[in-house]
There are 2 protein chains.
Amino acid sequence: MPAFGFQPHDHADCIRTTLAQADAYCAQHKLKLTPIRRRALEILLAEHRALGAYDLLAVLAEDGLGTAPPVAYRALDFLTSAGFAHKIEGLNAYIACAHFGADHSPAFLICTSCKSVAEAETTATQGRLGEAARAAGFTISRTVVEALGLCPQCQEAPCA
Amino acid sequence: MPAFGFQPHDHADCIRTTLAQADAYCAQHKLKLTPIRRRALEILLAEHRALGAYDLLAVLAEDGLGTAPPVAYRALDFLTSAGFAHKIEGLNAYIACAHFGADHSPAFLICTSCKSVAEAETTATQGRLGEAARAAGFTISRTVVEALGLCPQCQEAPCA
DNA sequence: GCTTGATATGTTATAGTATTACATTTAGCA
DNA sequence: TGCTAAATGTAATACTATAACATATCAAGC
Ligand SMILES: [Zn+2]
Ligand SMILES: [Zn+2]
Ligand SMILES: [Zn+2]
Ligand SMILES: [Zn+2]
């Protein structure tokens with residue numbers, strides 16, 4: 001599955017499908033996608049961009065779903081634990097998962113100009129990082145892989 | 001150069017050599033390794049661990065080199081810009097560079113038990129992340145690659 | 001239906017990380 | 001010496017995240 005988010009696509013469908021998948025996944029795994037959690041996911045899905053916890057909170061507050069920081073952080077904890085969202089460490093921000101369901105090691109391509117983010121797959125224990133880890137006798141449990149740079153659109157139109 | 005930091009080594013020499021290299025590099029590039037900056041690097045070098053900005057500041061304060069946050073953040077800006085230190089995004093912490101001088105794309109192996117950190121090399125534009133970027137038409141300027149897990153020592157003695 | 005325990009939410013306060021802004025000093029150079 | 005740019009001193013503030021505890025909701029199991 002290629003990196004997603006920079007190519008134009010039917011994004012309304014993108015949102016609809018993911019929410020439906022999340023509903024199904026939660027039903028199957030006895031997780032509760034409560035109104036706050038579901039709306040938080042929907043907000044993250046609105047754009048292929050990362051949102052700060054307080055940005056998310058501001059939108060939840062507009063909807064009357066809570067005003068205090070724990071509201072946002074609890075929703076984000078749930079979504080990230082369930083694999084519905086990821087934290088972008090380099091931005092202290094959160095984004096909906098684009099490779100739903102799979103237990104995966106995400107890698108992000110982050111455009112420093114337009115702030116859009118695409119999620120690609122990596123294999124944690126393969127590749128050069130895996131090699132380095134094996135050579136050092138290190139056991140990987142989680143990886144953070146993020147690339148900062150320019151997306152195709154912003155390379156062509158730097159001032160956009 | 002293999003990942004470093006987990007293997008026992010002459011660490012006093014490790015510090016001495018790096019400081020000397022930093023002195024030389026600054027002389028050559030007309031950068032000023034002022035007392036605050038030099039001491040900050042020395043503090044980061046003291047252990048192969050990442051230090052928070054405020055931890056660094058606390059030590060600088062003991063030495064009478066400043067008490068306000070900008071003191072630490074300015075020193076860290078200088079050190080990271082010069083390539084003498086790196087930020088570990090996943091920890092909001094900073095560590096001295098273990099591959100001095102080279103303009104490189106560091107990858108970190110971070111032990112979640114003992115907090116030690118080893119720095120390995122990666123090539124930003126090669127490997128799987130590079131492939132994903134090329135496929136997406138994305139131009140990488142900087143990468144964040146961090147692996148969380150257990151170092152050799154902590155795998156053997158989980159309670160240490 | 002009621003009890004009960006576990007999960008989720010409401011709310012306040014606080015901890016931890018980082019930057020802005022502006023005054024002052026210092027270092028390098030004409 | 002006088003000028004300029006860089007570095008430092010300092011206060012205030014912004015941004016990110018968690019702790020702690022009260023209350024409410026839900027899903028069994030009786
Ligand atoms: Zn979409
Ligand atoms: Zn994902
Ligand atoms: Zn050493
Ligand atoms: Zn390095």
Side-chain angles (χ1 to χ4, degrees), chain A residues 22-23 26-41 43-44 49-82 84-95 110 115 144 146, chain B residues 22-23 26-41 43-44 49-82 84-95 110 115 144 146:
Chain A
D23 284 327
C26 285
Q28 188 176 349
H29 291 79
K30 308 221 184 281
L31 298 173
K32 282 187 278 191
L33 195 59
T34 62
I36 293 179
R37 293 167 175 176
R38 195 169 196 281
R39 179 67 182 128
L41 177 55
I43 292 164
L44 291 182
R49 292 206 304 126
L51 231 55
Y54 282 72
D55 297 327
L56 171 65
L57 180 59
V59 182
L60 289 173
E62 282 175 16
D63 296 0
L65 290 172
T67 60
V71 171
Y73 284 102
R74 283 168 183 158
L76 288 168
D77 279 351
F78 175 85
L79 295 176
T80 53
S81 298
F84 300 166
H86 302 292
K87 180 174 186 183
I88 310 283
E89 296 289 348
L91 301 176
N92 292 320
Y94 305 82
I95 191 166
I110 303 161
K115 316 295 178 193
V144 174
E146 302 168 5
Chain B
D23 285 326
C26 286
Q28 188 177 349
H29 291 77
K30 307 223 183 279
L31 297 174
K32 283 188 278 192
L33 195 59
T34 63
I36 293 179
R37 292 167 176 177
R38 195 170 195 281
R39 179 67 182 128
L41 177 55
I43 291 163
L44 291 182
R49 292 205 304 127
L51 230 56
Y54 282 73
D55 297 328
L56 171 64
L57 180 59
V59 183
L60 289 173
E62 283 175 15
D63 296 359
L65 291 171
T67 59
V71 171
Y73 284 102
R74 283 168 183 157
L76 289 168
D77 279 351
F78 174 85
L79 295 176
T80 52
S81 298
F84 300 167
H86 302 292
K87 180 174 186 183
I88 310 283
E89 296 289 348
L91 301 176
N92 292 321
Y94 305 83
I95 191 164
I110 302 161
K115 314 297 179 194
V144 174
E146 302 169 5

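Predicted model only: the values in this text are computed from it and were never measured.
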Revision key, fill the gap. Between A/A68 and B/Y94, the residue closer to the 5' end of DNA chain C by nearest nucleotide is A/A68
Review point. Would you find a donor on one side and an acceptor on the other, under 3.5 Å apart, between the side chain of B/E146 and the backbone of B/G90?
Key: yes
**Study point:** A/Y73 side-chain N/O to D/dA17 phosphate OP1/OP2 under 4.0 Å
**Key:** yes
Point to revise | Nucleotide interval of DNA chain C bounded by contacts with chain B (heavy-atom cut-off, under 4.0 Å) | key: C/dT17 to C/dA21
Revision key, fill the gap. Side-chain contact check for A/N92: nearest option of D/dT8, D/dA17, D/dT10 is D/dA17
Practice item. Whole angstrom is fine here: how far is it from CG in A/D77 over to C1' in D/dT16? Key: 13 Å
Review point. In Å and rounded to the nearest 0.5 Å, what is the CZ to OG1 distance from B/R74 to B/T34?
Key: 11.0 Å
Exercise for review: Whole angstrom is fine here: how far is it from CG in A/L91 over to P in D/dT16?
Suggested key: 10 Å
**Study point:** Point-to-point distance, once rounded to the nearest 0.5 Å, from OH of B/Y94 to CG of B/L41
**Key:** 15.0 Å
Practice item. With the side chain counted from C-beta on, respond yes when A/R39 and A/V59 share a heavy-atom pair under 4.5 Å apart, and no when they do not. Key: yes
Practice item. Measure from NZ on A/K87 to C1' on D/dT18 and round the result to the nearest Å. Key: 12 Å
Review point. For B/R37 and D/dA7, is the shortest distance between a side-chain N/O and OP1 or OP2 below 4.0 Å?
Key: yes
Study note, to complete from the structure: Closest to the side chain of A/Y54, out of D/dT10, D/dT8, D/dT16, is D/dT16
Exercise for review: First locate atom CD1 of A/I36, then atom CG of A/D63, and finally report the distance between them rounded to the nearest 0.5 Å.
Suggested key: 10.5 Å
Practice item. Nearest-nucleotide wise, let me know which of A/K32 and B/T67 is further upstream toward the 5' end of DNA chain D. Key: B/T67
Review point. Rounded to the Å, how far apart are B/L57 CG and D/dT10 C1'?
Key: 12 Å
Point to revise | Between NZ on residue A/K87 and CG on residue A/L79, distance to nearest 0.5 Å | key: 14.5 Å
Point to revise | Integer-rounded Å distance: D/dT8 C1' and B/D63 CG | key: 16 Å
Check your understanding: Roughly how many Å is it from CZ in A/R74 to C1' in D/dT25, rounded to a whole number?
Key -> 14 Å
Exercise for review: Using whole Å, report how far CG of A/L65 lies from P of D/dA24.
Suggested key: 18 Å
Check your understanding: Going from CG on A/L44 to CD1 on A/I95, what distance comes out if it is rounded to the nearest 0.5 angstrom?
Key -> 8.0 Å
Check your understanding: What does A/K30 touch in the nucleic acid at a heavy-atom separation under 4.0 angstrom: a base, only the sugar-phosphate, or nothing?
Key -> nothing
Revision key, fill the gap. note: B/L79, atom CG; D/dA7, atom P; distance rounded to Å ~ 12 Å
